[in-house]
Amino acid sequence: MPRAENIKSADSGESLDAAGFRRDLRKWYKANARELPWRESQDPYRIWLSEIMLQQTRVATVIDRYKEFLQRFPTLVALALAREEDVLAAWSGLGYYHRARSLHRAAQFVMRECNAQLPETAAELRSLPGIGEYTAPAIASICFNEPVALVDGNVERVLLRVLSLGENKRSPAMKRLHEQATMLLDVRNPGTHNQAMMELGATICLPRNPKCSECPVQKYCKTQGEHETTARKTMRSQESVYLLATRKKGTVTEVLMMKRGAEESQMAGMWELPSLPPELFRNSEVLLGLRHSITNTNYYVRVLASKPALMEIAKNEHGDALVWKRQKMLNTLPLTGLARKVLQRMDLLHRPPVHLPGNDRQQIE
DNA sequence: CAGTCGTGGAG
DNA sequence: TCTCCAAGACT
């Protein structure tokens, strides 16, 4: 239990040595910053892309996908001129597909209305689709040196701990976090400072088991890692069954695929394997079984091998949505993450759809 | 403004 | 195995 004598919590910002905090944080960051692909330049398009990809997505997941995406769409103009289908294909498996659609729309807007130059202030950036309260100052500070603070999940956690503000999302303290972040901001190096705050949260001030002994700003911290966490929603379970049907046309292998409706709330317009009613196949022999969790639902997935009877059921269920797709073209489709996983595991998916200049290595098999 | 939107990896 | 949740945005 916190001590009631801790009377400084209400106006904690005042009692913190902001200048010292900034200095120690900056020194630590210069010595310990991870080398990440998006830290190799300040090119606005590249920083922008990285910020969108990193939304609710781990650094380790993003690194390769970021490089591949840049190979495929090297510039803002290249992205703007692409078809949405191809943008989604490059995003396949990353999740939160509205990010890819927004990115694409914003690129088209910037190309047309801004002479292909990204706006340079947080306020202007904020009006672009997909750029919100966090991403706008991130781009503005990193690319254009605008002295604006940001609060992402990392910064929020760092500030709550350093200032001992508790975790109640509805508390007035929560609303003042941006002011606190602004107070701490290094206005001469805003981009570096903002990244340092996030880096601290991502590598030292971890949600569970923070590494306080390694923390460069431990002496400024009121809680020393004590931090309550709120309970999460429990996961639900749901079973699902998919059909994996292939056929040969001469030497060409084809796979039966299905396109999700444009009005679907999840993964609209993306491709997946034809689904079958799970209740009919409780005891069927399974080609592949796996679990796939989406938001707060665990999907227990069974994939069945093709039989004529199953084809009939699928045809009745989905009709014209079913399309035979050439196996070699599958990696150019915007596949759902689950479809990608299944096809990958069945060895039906070849290397990523990236044509590397100067790398004409042939497909294996 | 609370709900919704994906996914994979760590512990 | 199961829970947690990551550089949020949008409605």
Side-chain angles (χ1 to χ4, degrees), chain A residues 29 33-34 36-39 46-66 88 91-103 105-106 125-143 149-158 167 169-170 174-175 178 181 191-203 205-209 229-237 260 264-270 272 289-301 334-342 344-345:
Chain A
Y29 181 71
R34 293 168 291 178
L36 299 171
W38 46 89
R39 288 182 176 164
R46 293 181 172 232
I47 299 298
W48 176 28
L49 174 64
S50 75
E51 293 301 343
I52 302 300
M53 272 197 184
L54 285 162
Q55 287 169 5
Q56 299 291 286
T57 309
R58 295 177 188 286
V59 166
T61 302
V62 168
I63 291 176
D64 286 341
R65 304 302 304 267
Y66 172 79
L88 283 173
W91 208 270
S92 166
L94 270 176
Y96 288 130
Y97 297 100
H98 63 83
R99 294 184 296 176
R101 299 180 211 275
S102 297
L103 181 71
R105 277 191 289 126
L125 288 162
R126 181 66 180 81
S127 67
L128 294 174
I131 297 185
E133 288 300 326
Y134 157 75
T135 304
I139 297 173
S141 64
I142 294 171
C143 299
L150 58 81
V151 180
D152 77 325
N154 288 308
V155 176
E156 175 184 312
R157 185 172 57 255
V158 169
E167 209 200 62
K169 294 268 184 198
R170 311 171 66 104
M174 214 57 187
K175 296 187 171 178
H178 192 269
T192 302
H193 173 90
N194 283 332
Q195 292 187 80
M197 288 289 285
M198 294 189 282
E199 188 85 350
L200 185 69
T203 64
C205 196
L206 303 170
R208 293 166 296 186
N209 309 115
T229 54
T230 53
R232 300 280 154 190
K233 278 175 295 188
T234 56
M235 299 288 285
R236 295 175 318 179
S237 295
R260 297 174 64 85
E264 300 265 8
S265 67
Q266 292 185 131
M267 299 165 279
M270 301 192 65
E272 59 186 350
L290 53 84
R291 196 190 59 131
H292 188 73
S293 54
I294 292 179
T295 59
N296 65 337
T297 304
N298 286 327
Y299 291 90
Y300 291 88
V301 179
L335 300 169
T336 67
L338 175 55
R340 176 166 295 275
K341 193 194 288 187
V342 170
Q344 187 92 55
R345 204 159 309 184

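In what follows, every chain begins at residue 1, and chains take the letters A, B, ... in the order their sequences are listed. No hydrogens, no waters, no symmetry mates; every other heavy atom, side chains included, goes into these values. Bear in mind the structure is a predicted one, so any value in this text is a computation, not a measurement.
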Whole-Å distance between [N] [atom2] and [X] [atom1]?
{"X": "A:M53", "N": "B:dG8", "atom1": "CE", "atom2": "P", "value": "14 Å"}
{"X": "A:Y299", "N": "C:dT1", "atom1": "OH", "atom2": "C1'", "value": "20 Å"}
{"X": "A:E156", "N": "C:dG8", "atom1": "CD", "atom2": "P", "value": "10 Å"}
{"X": "A:H98", "N": "C:dT11", "atom1": "NE2", "atom2": "P", "value": "10 Å"}
{"X": "A:Y29", "N": "C:dA7", "atom1": "OH", "atom2": "P", "value": "13 Å"}
{"X": "A:L103", "N": "C:dG8", "atom1": "CG", "atom2": "P", "value": "16 Å"}
{"X": "A:R291", "N": "B:dG8", "atom1": "CZ", "atom2": "P", "value": "11 Å"}
{"X": "A:E51", "N": "C:dA6", "atom1": "CD", "atom2": "C1'", "value": "13 Å"}

**Prompt:** In terms of side-chain heavy atoms, does A:N298 have a donor or acceptor partner in A:S237 at a distance below 3.5 Å?
**Reply:** no
**Asked** Looking only at side chains, do A:T57 and A:R65 share a donor and an acceptor under 3.5 Å apart?
**Response** no
**Message:** Within the 4.5 Å heavy-atom criterion, are A:Y66 and A:I52 side-chain neighbours or not?
**Reply:** no
**Request:** Using a 4.5 Å cut-off on heavy atoms from C-beta on, say whether the side chain of A:L338 contacts that of A:I294.
**Result:** no
**Request:** Report yes or no: is there a donor-acceptor pair, N or O only, under 3.5 Å between the side chain of A:Y134 and the base of C:dG8?
**Result:** no
**Message:** Between the base of B:dC5 and the side chain of A:R99, is one N or O donor paired with an acceptor at under 3.5 angstrom?
**Reply:** no
Which nucleotide in [options] has an atom nearest any side-chain atom of [X]:
{"X": "A:I294", "options": "B:dG8, C:dA9, B:dG6", "answer": "B:dG6"}
{"X": "A:Y300", "options": "C:dC2, C:dA9, C:dA6", "answer": "C:dC2"}
{"X": "A:H292", "options": "C:dA7, C:dC4, B:dT7", "answer": "B:dT7"}

NA contact type, [X], heavy-atom cut-off 4.0 Å: base, sugar-phosphate, or nothing?
{"X": "A:W38", "answer": "base"}
{"X": "A:T57", "answer": "base"}
{"X": "A:S102", "answer": "nothing"}
{"X": "A:L150", "answer": "nothing"}
{"X": "A:A60", "answer": "nothing"}

**Request:** Examine C:dA9: is either OP1 or OP2 under 4.0 Å from a nitrogen or oxygen in the side chain of A:T135? Give yes or no.
**Result:** yes
**Message:** Reading DNA chain C from 5' onward, which residue's closest nucleotide shows up sooner: A:G130 or A:L54?
**Reply:** A:L54
**Fill in**
Sorted by position of nearest nucleotide on DNA chain C, 5' first, the leading residue of A:Q195 and A:I131 is A:Q195
**Request:** Could you measure between the two C1' atoms, the one in C:dA7 and the one in B:dA2, and give it in whole Å?
**Result:** 23 Å
**Message:** Would A:E51 and A:Y134 count as a side-chain hydrogen bond (donor to acceptor under 3.5 Å, both in side chains) here? Give the steps.
**Reply:** CA-CA 9 Å; A:E51 293 301 343; A:Y134 157 75; 2.6 Å; yes
